[in-house]
Amino acid sequence: MTIYGTITYRLSDPGSKSEGYRAFLTDSGGKTYRLYRAGRLPYGDPFFHPFDGMEAGVTGEYEEETDNFLVESVILGNGDEISASTDDGGTGPVEIPEDSNDEE
C-alpha cells in the first residue's frame with residue numbers, strides 16, 4: 001500500500017511514559033497515520049527526521065485498528081525511493097538530495 005501526504009516529526013504523547021518524537025503522515029483528506037519501521041521503536045527514530053515537513057509517499061502495511069503504518073520505503077517528490085529497511089543497521093538519519101521535493 002502507498003499513501004501520499006505530509007510527513008511531520010513531532011513530539012507525541014507529552015507528559016506520558018511514551019513521550020517522545022515520532023513521525024506521522026497526514027494525507028490530503030486530513031487522516032493521520034503513525035509511522036514506524038520494523039525492528040525499531042517508533043519514538044526517537046532519526047530515520048524520519050530529515051523528512052519533517054516534506055510532501056512524500058510511504059509504502060508499507062497499514063494497521064487499520066491502530067492507524068499505525070509500517071514503513072518499507074519513502075517516495076520523494078522527484079520519484080526517488082528511499083528504503084526504510086533496518087537490515088543494514090539503518091539507525092541514523094538519511095541524506096536527502098537537494099531536488100528531492102521537485103515535481104518532474
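Note that these values count all heavy atoms, side chains included, but never hydrogens, waters or copies made by symmetry. Please read all numbers here as calculations on a predicted model, not as lab measurements. Throughout, residue positions are numbered sequentially from 1 according to the sequence presented.
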What is the minimum heavy-atom distance between Leu25 and Ala56, and which atoms define it? CD1-O, 4.0 Å

Stepwise side chain to side chain contact (heavy atoms under 4.5 Å, CB included) check, Asn68 with Leu70: CA-CA 7 Å; Asn68 288 330; Leu70 173 58; over 6 Å; no

Look only at the side chain of Thr8 and the backbone of Arg10, and say whether a donor-acceptor pair between them is shorter than 3.5 Å. no

State, to 0.1 Å, how close Leu11 and Pro14 come at their nearest heavy-atom pair, and which atoms those are. CD2-CB, 4.1 Å

Quick one: are Pro46 and Arg40 in side-chain contact, heavy atoms under 4.5 Å? yes

Is there a path of hydrophobic side-chain contacts, each under 4.5 Å between heavy atoms of I/L/V/M/F/W/Y residues, joining Tyr62 to Ile7? yes

Would you give the length of the straight line joining atom CZ of Phe47 to atom OG of Ser83, rounded to the nearest 0.5 angstrom? 7.0 Å

Assess, by modelled atom type and distance only, whether the side chains of Thr26 and Thr32 contain a donor and an acceptor separated by less than 3.5 Å. yes

Interatomic spacing from CD in Glu63 to CZ in Phe69 - rounded to 0.5 Å: 9.5 Å

Tyr36 and Val71: CA distance, side-chain angles, deciding distance, side chain to side chain contact (heavy atoms under 4.5 Å, CB included) verdict: CA-CA 6 Å; Tyr36 74 100; Val71 177; over 6 Å; no

Can you name the residues that form a salt bridge (Lys or Arg N to Asp or Glu O under 4.0 Å) with Asp67, not counting sequence neighbours? Lys31

Answer yes or no: does atom OH of Tyr21 have more than 12 heavy-atom neighbours from other residues, nucleotides or ligands under 6.0 Å? no

Whether the side chain of Arg37 engages the backbone of Phe48 through a donor-acceptor N/O pair (distance < 3.5 Å, no angle test) should be reported. no

Please answer: with hydrophobic residues joined when any side-chain heavy atoms are less than 4.5 Å apart, are Met1 and Leu35 in the same cluster? yes

Determine, using the 4.5 Å side-chain heavy-atom cutoff (strictly less than), whether Ile82 and Phe24 are members of one ILVMFWY cluster. no

Asp80 and Asn78: which non-hydrogen atoms are nearest, and at how many Å? N-OD1, 2.9 Å

For Tyr9 and His49, take the angle between the two ring planes, folded into 0 to 90°, and tell me which bin it lands in: parallel under 30, tilted 30 to 60, perpendicular over 60. perpendicular

Apply side chain to side chain donor-acceptor pair (under 3.5 Å) to Glu81 and list each qualifying residue two or more places apart in sequence or on a separate chain. Ser73

Stepwise, does the side chain to side chain contact (heavy atoms under 4.5 Å, CB included) test hold for Ile3 with Tyr33? CA-CA 9 Å; Ile3 301 173; Tyr33 304 84; 3.5 Å; yes

